[in-house]
Trainee: 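Here it is: the structure, laid out below.
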2 protein chains.
Amino acid sequence: MAKRKITNTVALAVLGLLQERPMHPYEMATTLRERLKDSSFKLNSGSLYDTVEALVRHGWIEPVRTVREGRRPERTVYAHTDLGHREFLAWLDELLRRPVPEHPKFAAAVSYLGALGPEAAADALAERVEHLTRHVEEIERVLASTVGAGGLPRLFMIEAEYLLHVARAELEWTRRTVAEIRGGSLAWPEAERTDQGWTWSGQERGGNG
Amino acid sequence: MAKRKITNTVALAVLGLLQERPMHPYEMATTLRERLKDSSFKLNSGSLYDTVEALVRHGWIEPVRTVREGRRPERTVYAHTDLGHREFLAWLDELLRRPVPEHPKFAAAVSYLGALGPEAAADALAERVEHLTRHVEEIERVLASTVGAGGLPRLFMIEAEYLLHVARAELEWTRRTVAEIRGGSLAWPEAERTDQGWTWSGQERGGNG
DNA sequence: TTCCGTATAGTAGGTTCCGACTAGTAGAGA
DNA sequence: TCTCTACTAGTCGGAACCTACTATACGGAA
């Protein structure tokens, strides 16, 4: 299993779009936004153009023509190559098959939850609950107005179902944790490091590792 | 709300460690690994040293002395500044309070699930279920042997509880989706783009946007 | 006592990535 | 017809990031 040459998922999006038909970069960007796929990809013009170049270098896509509309600057239209098609499917398969460790910033912050003290921590998380609630509702709304209204097959919005499921789980955990902190069932020891290892309130002595 | 100067969460880890006591970079790395915090942070020596430098530039930490053990090279020991302490707490609060959109690679791949066809897609996801199952068990095992065994207060491993909760949700969704594909309850239309928009099997004509 | 593997500690270099900026065009309104 | 704003389309410089590599020290085996 050789290492991937390109890892940025914007490249996956580009390849995916070019399976449909040739496009120029700007059109890729607007198409992704229209289809609301910009929540699964991190899109910005800078990396889009870099990515397209990298794909050309690797021979996964190639310029097929340049067009000019009115007096706008020329635009280069790209199409995928055979190699690009195969790589697209292989990459997809790999991404679906093997989980890669992700490092969400929130998990990092949670690992230092203790530093804030119980009140401030519960307060911050409670606000997060508000945001997450709205986010979940937003995905539900989008799904209802597309798939729910018969406008699109489920398969076309399947990633929204996934994001919704995970968002709900996050919301659940956060809500529960706020309740636990405020209810006192999540103990808040004061930790201190000594020569012997860690100690915390309610404990004689603790070794760690 | 001015924009963050440093966004890499390795910097958060460094600040967090220096709240305890001064350390040199190599010690930070080993400490994080020992405490199993390397699953919440993406650690590698390259960015660690870069990050420490950036923190010094911003005045959040500062070198306090250099030490030398045996004939090993000198090591610079850093401590956090007052500013660094305040920034640490403010950053934590912000990370906990406001969800930032993350872009997991899996979501990107799921959005092109259709391209693989039902058999290959179900196959890949089924393998993912295996991996996720093992991952969930691994977190459970770690929690059982630390918090469960009374070795550490829950608060010290709270991020593992979070990661576990989310991992279970992912597993659930993936398992269910495999079942839906194989059971036929997730329809697999062949999509085609025409001048008028999108069409797919089982539908006369579809407009999209 | 020499060799080998592992731990220690960090550097170098290139690639990737992104935000900020540029600049032309079309259309609305005064 | 002049200006103002929003859209179109992309460039550029620098920061962030990671991989691969260096090089020394130490402990144990042969």
Side-chain angles (χ1 to χ4, degrees), chain A residues 1-14 17 23-34 38 41-58 60 63 65-78 100-103 105 108 209, chain B residues 1-14 17 22-34 38 41-58 60 63 65-78 91 100-103 105 108 209:
Chain A
M1 189 130 18
K3 210 177 317 170
R4 293 227 121 287
K5 268 136 188 14
I6 297 182
T7 56
N8 188 343
T9 50
V10 168
L12 191 76
V14 169
L17 287 170
M23 286 190 196
H24 56 87
Y26 186 80
E27 189 182 2
M28 297 174 197
T30 50
T31 305
L32 286 174
R33 267 185 224 113
E34 253 171 40
D38 50 339
F41 302 98
K42 186 149 163 196
L43 196 57
N44 82 39
S45 56
S47 14
L48 177 59
Y49 289 90
D50 285 347
T51 298
V52 165
E53 248 175 76
L55 285 169
V56 172
R57 271 204 312 279
H58 287 90
W60 296 10
R65 63 173 173 280
T66 60
V67 299
R68 163 174 295 232
E69 259 173 41
R71 275 195 276 151
R72 299 182 169 292
E74 275 200 347
R75 295 173 303 193
T76 304
V77 176
Y78 297 88
V100 294
E102 309 265 357
H103 301 273
K105 290 177 188 305
Chain B
M1 186 129 23
K3 209 177 318 167
R4 296 227 120 283
K5 266 129 189 21
I6 297 182
T7 56
N8 189 344
T9 50
V10 168
L12 191 76
V14 169
L17 286 170
M23 287 190 194
H24 56 88
Y26 188 80
E27 190 182 2
M28 298 175 198
T30 49
T31 306
L32 287 173
R33 264 184 227 114
E34 253 171 39
D38 52 337
F41 302 99
K42 187 150 166 193
L43 196 56
N44 80 42
S45 56
S47 13
L48 178 59
Y49 289 90
D50 284 346
T51 297
V52 165
E53 248 175 76
L55 285 169
V56 171
R57 271 204 311 279
H58 290 286
W60 295 9
R65 64 175 173 279
T66 61
V67 300
R68 162 175 295 230
E69 259 173 42
R71 273 195 277 152
R72 296 181 172 293
E74 276 201 345
R75 295 172 304 191
T76 305
V77 176
Y78 296 89
W91 188 5
V100 294
E102 310 264 356
H103 300 274
K105 292 179 187 303

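Computed from a prediction, not measured in an experiment: that's the story for all the values here. Residue numbers begin at 1 in each chain, while the letters A, B, ... track the order of the sequences.
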Trainee: How long is the line joining OH of A:Tyr49 and C1' of D:dT11, in whole Å?
Mentor: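 Roughly 10 Å, once rounded to whole Å.
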Trainee: Distance check needed: D:dT24 C1' versus B:Tyr26 OH, whole Å only.
Mentor: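 So the OH-C1' distance, B:Tyr26 to D:dT24, works out to 13 Å.
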Trainee: If the plane angle is over 60° it's perpendicular, under 30° parallel, otherwise tilted; pick one for B:His58 and B:Trp60.
Mentor: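 Judged by the thresholds at 30° and 60°, the geometry between B:His58 and B:Trp60 is tilted.
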Trainee: Determine: side-chain N/O of B:Ser47 to OP1/OP2 of D:dA16, distance under 4.0 Å, yes or no.
Mentor: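 No, because none of the side-chain N or O atoms of B:Ser47 sits under 4.0 Å from OP1 or OP2 of D:dA16.
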Trainee: For B:His58 and for B:Ser45, find the nucleotide of DNA chain D with the closest heavy atom, then tell me which residue's nucleotide is more 5'.
Mentor: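 Its nearest nucleotide being more 5', the pick is B:His58.
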Trainee: Calculate the interatomic distance between B:Leu43 atom CG and C:dA9 atom P; express it in whole Å.
Mentor: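 Nearest whole value for this atom pair: 15 Å.
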Trainee: Think B:Lys42 has a side-chain N or O under 4.0 angstrom from the OP1 or OP2 of D:dC17?
Mentor: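 The answer is no; no side-chain N or O of B:Lys42 sits under 4.0 Å from OP1 or OP2.
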Trainee: When the nearest nucleotide of DNA chain D is assigned to B:Arg57 and to B:Gly46 on a heavy-atom basis, which residue is associated with the more 5' position?
Mentor: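 Going by which nucleotide is closer to the 5' end, it is B:Arg57.
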Trainee: Going by the side chain to side chain contact (heavy atoms under 4.5 Å, CB included) test, name the single residue among A:Leu55, A:Val52, A:Leu17 that passes it with A:Tyr78.
Mentor: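 One option only clears the test, and that one is A:Val52.
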Trainee: Between A:Val14 and A:Leu48, does the side-chain contact (heavy atoms from CB on, under 4.5 Å) criterion hold? Intermediate values first, please.
Mentor: CA-CA 8 Å; A:Val14 169; A:Leu48 177 59; 3.8 Å; yes
Trainee: Would you kindly give the CD-to-P distance between A:Glu53 and C:dC18, to the nearest whole Å?
Mentor: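 Distance check: A:Glu53 CD to C:dC18 P gives 16 Å.
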Trainee: Mind calculating the distance between CZ (A:Arg75) and P (C:dG24) to the nearest angstrom?
Mentor: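 Rounded to the whole Å, the gap is 17 Å.
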Trainee: Quick one: A:Ile6 CD1 to D:dC18 C1', roughly how many Å, whole number?
Mentor: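 So the two atoms are 17 Å apart, to the nearest Å.
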Trainee: Provide the closest heavy-atom pair for A:His24 versus A:Thr76 in the form atom of the first, atom of the second, distance.
Mentor: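 Looks like CB-O, 3.1 Å.
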Trainee: Does the C:dC18 base have a donor-acceptor partner in the side chain of A:Asp50 within less than 3.5 Å?
Mentor: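 Checked by distance alone, the answer is yes.
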Trainee: May I have the distance from B:Asn44 (atom CG) to C:dA9 (atom P), rounded to whole angstrom?
Mentor: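 Rounded to the whole Å, the gap is 18 Å.
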Trainee: Just the rounded figure in Å: distance from C1' of C:dC17 to CZ of A:Phe41.
Mentor: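 Going from CZ in A:Phe41 over to C1' in C:dC17 covers 17 Å.
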